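Owing to the predicted nature of the structure, the values given are computational and were not obtained by experimental measurement. Labels below follow one simple rule: chain letters A, B, ... track the order of the sequence lines, proteins then strands, and each chain is numbered from 1.
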Amino acid sequence: MSDVGSSTPRDRGRVLGIGVHFVLLFAVGAMSVFLASRYRVRFDLTADDLYTLTPSTQRVLERVEQRLRIEAYFSPDDELATVNREGRRTLRNVLDEFVQQGRGRVVVQYFDPQSDTELRKKAERLGIKPQRVQDLEGTTLSNKEVWQGLRFLLGGDRQKVVPMLGFTDQPWKYEAALTPLVKALTVAERPKIGVAAWPGTPAESVGPARQEQPRGFGRLLGIPELTDRYDFVDFDLGVGDLLPEDIGVLVLLRPRDLADRAKYVVDQFLMRGGQLVVFADTDDVSLGQGRTLQTQRVPWDAPDSTLGFVDQLAGYGAVVRDRMLVDWLSTPVPFGAPVSMQVGGQVMQTVQPLQLYPYWFMPTATDWAERAEGLARRDDGSVDESLVASYRQRFRPGVEPELAKGLTPPAFFWPCGLDLAEVLPEGVTGDVLMRSSPRTVLQTPPRTLDPVGRDPRRYQATYNRFATDLAQLIQSEPPQQHALLVELRGRFRSAFAGRAVPAAPGAVVPPSEPSPDPLAEPVGTEPGRSGDEVGPVVPGADPSRSDGPGDLPLIDEAREGARLVVVADATFLRDDLVGGEYQQVGGPVSAVGPMFFANLLDWLAADRDLFELRMRGFGVDRRLQMVDEEDRAGMPPERLQQEVDRRTARVRYWAVALPVKLLLLLGAGVLFARHAQKRRFLAAVQSRGSANP
Amino acid sequence: MRDVFVVMRRELRSYFLSPAGYVVGALIVGVSLFLGASAIQQGAPASMHAFFSWLPVVLLFFLPFVTMRLWAEERKLGTLELLMTFPVRVSQLIAGKFLAAMVFLASLLLLTLVLPILLDAYGELDWGPVVGAYVGALLMAGAYVAVGMFFSSLTRDQIVAGILALFVLLGLFLLGWPGFLLVLQRAGFSDLMVGVLGGLSPYQYFSSIARGVLDTRDLVYYAVFCGFFLHANAMVLDARRLRG
């Protein structure tokens, strides 16, 4: 460096010239980078396009016609816990993408509510609240107030507020939270979803337990993410009126006590080209704080009904079995038994985890055809080849990869049996989107499904007996998969074709000719009464109502767009499971249930924007499996852990050793070759020297 | 162009025919893979994130010792003057040496492909970000080499050149490290200043590419960064040539 020094005026001038040259060069370089960042082109190389706004968000932002102002109430980045700083950077990037995509109509303004009392008050007025967190920096533990709230203001009058947006490093998660808000602001009218829900019976109280409320579905239907985008219309099928034309989707949550008129309303909704979703439960299992797990049949039909709802669905192509499905191989949902423990003289409640409760399970993406060999293995270890061939042909994945894409499978709790009809009605096509494993049994449930009993000292023994009995029962059945979610489309035939239209409750029913079909008895008939006695049976009936038989037209073949979706369970959407009320005592919690419901609605309502958005992050499972599932089956946990450790160590070793050894071997080879070359050269020189002394 | 390849071939021989090249290469490959492979665990995501988090640090400490000899050794052995008399331009000399260093580093990075191949065998590796991160690693290595070459041209002492390059690269690395930027913020630097300083660091652009996003901004940055230091290198050599 000392060589550069010079002291003559000419040299000083040259140094100055060089300095100016570099400053200019630096300025040009900086300008180039600045321009490249302003007008940049990005290529997202991730398989799931994780760092690109989805076409959904792009479409939503393209539809923004007015000025959308996003006010970000963020505490400064340096106030954040270290773990959240990357999340904040990701959020800023996502908001930046929103601005770029918004073609000048979207602006983001950042405010720091901690710097200004007025700003803080304004944020609080809007409903934006800070979160108190503890941050450990070095050895100092401090309490911090973190703000990360947002206000979306469209055209100055419509607004949505996010009180506190959780931190994540995954940009698509921010996108999934923010895009629906923008969409809710920009869409003038929300799609209407008709909902008919029947609450379950309250759990039997045990001892001094408080009286339980009937378990309904209100919590699910009150989730802001859903109510923001859909208008749920609570529809009472018992009234007997047809659904308004503007309702495109009708959801039946745990239908029960359906009168023929209600079934007619449902039928005609489907015939009109509607989309009908049935969350079916044939048995209701009480849970409650007492964990009695007592079963009770769900009567689908009203006592005076002449057409079974099961038959009606079967006529459309969906066969609901009147029994409970038990699955031994799908991903189990852990069951925990509450136990009391003495700790330091104090009694503490804790949960004793039990391994398997096959009434709660989650369908997996496993292609069960690939497991045919294991399923056809006899007790002596031999394999029945003819069975293997048959299973390979019959068995399908638990979750159909293409059909159910984006419909994240929920955990099913005491589902019922479900299948597609062996022969579908003419003009109807159907698919099974989710199904059980082949190790199943359809069971008429015993009165109680409690696997552990009530005596904590005998929990394990009772459980062992329960599991053994169930395993034996399942082993005695030939392997068979059952549907958990089916979808049917096409020209359904009305279940009421050729029948009289059932009268609405309280309607004046004119006398009619008795039907030759005993099933087609006019509704309104009370048990014990003959068809001739049909008439104004309800005291105080309104004679002005004109929706009696014959007054309403019957559509006997479904119009275009008709779709029926049947799900083999409704319990996973129940308030107590969605809310996780029993989680503290080891009870089940339906974490994915609401998400599945939202996905299903977006799928049915053809809300491509949001459905695509939610599909993000549920792509391929990229976790490392050091021991594959085939080898893992039947391996005791200790051996499995040893095998995992052994293989992990081996992979780590080879990942490092192989290239290093290769490099060093190559180096040694080159070194030896050069030495040999040198020796040959010296030998040649020597021999020449001795030849010419 | 032919002259560039002649110089590059000459340089490559010095990398691949000397034991030092293999020893440094084995250290770079071994240390980065050792740190990267520590993330291999049952149930962990099949990702090269750990490897590419450590790679900038490993290259930061080892690359100056690869580049320090590029000009300093020529000067020490007196071969620089000889080189200057050849009918090649200084820019061709620089391009040849730069490309040779890049080929050497690319071959080292090629060896580290063992890790993603193993990860893919035990999990579903997303190859897109891996390819992006390798491209990013090469670009960042190019930036480090450009800095190293520049400091090597300033002095005839290899160790001095190596230490100078190490300190400058360390400084640039720190400027891209969020923790250090936070310290600057707390020390009273304005947001704009902190942003500008952060924007100078090759590390910041590498972390953007390494997550699997190729951005023209990052590519332009590396082109400008390498161009700046290689141009400075050429000016130093030109000045030396003029002075005889």
- Item | Audit row: B/Q204, B/Y221, side chain to side chain contact (heavy atoms under 4.5 Å, CB included) steps and yes/no | CA-CA 11 Å; B/Q204 200 168 61; B/Y221 167 82; over 6 Å; no

- Does any heavy atom of chain A fall under 4.5 Å from the side chain of B/F16, the backbone, both, or neither of them? backbone

- Item | Near-ring test B/F206/B/Y222, centroid separation under 6.0 angstrom | no

- Aromatic ring proximity A/Y73/A/Y110, centre distance under 6.0 Å: no

- Measure distances from A/F34 to the heavy atoms of chain B and classify the residue's part below 4.5 Å as side chain, backbone, both or neither. neither

- Query: Can you say whether A/F22 sits under 4.5 Å from chain B via the side chain, the backbone, both, or neither, judging by heavy atoms?
  - Reply: both

- Pair count under 4.5 Å, heavy atoms only, with chain A: among B/V31, B/L119, B/D218, B/L115, highest is B/L119

- When the 4.5 angstrom heavy-atom criterion is applied to B/L113 and chain A, the contacting part is neither

- Sort B/S38 into side chain, backbone, both or neither according to what part of it lies under 4.5 angstrom from a heavy atom of chain A. backbone

- Cut-off 4.5 Å, heavy atoms of chain A, and the answer for B/L118 is side chain

- Item | Stacked cation flag B/R217 on B/Y205, 6.0 angstrom / 45 deg | no

- With a 4.5 Å heavy-atom cut-off, do A/Q642 and A/R646 have their side chains touching? no

- Looking at B/V213, B/D126, B/V220, which one has more heavy-atom pairs under 4.5 Å with chain A than the rest? B/D126

- Message: Quick check: do A/R674 and A/K678 have side-chain heavy atoms less than 4.5 Å from each other?
- Response: no

- Item | Under 3.5 Å donor-acceptor, B/S32 side chain and B/L55 backbone | no

- Item | Residue among A/L666, A/V28, A/L664, A/T648 with most heavy-atom pairs under 4.5 Å to chain B | A/L666

- Message: Please rank B/A121, B/A46, B/G30, B/G123 by heavy-atom pairs under 4.5 Å with chain A and give me the top one.
- Response: B/A46

- Message: Counting only non-hydrogen atoms closer than 4.5 Å, does A/V644 touch chain B with its backbone (N, CA, C, O), its side chain (CB onward), both, or neither?
- Response: side chain

- Task: With a 4.5 angstrom heavy-atom cut-off, could you sort out which part of A/V670 is near chain B: side chain, backbone, both or neither?
- Result: side chain

- Point-to-point distance, once rounded to the nearest 0.5 Å, from OG of B/S47 to CZ of B/F52: 9.5 Å

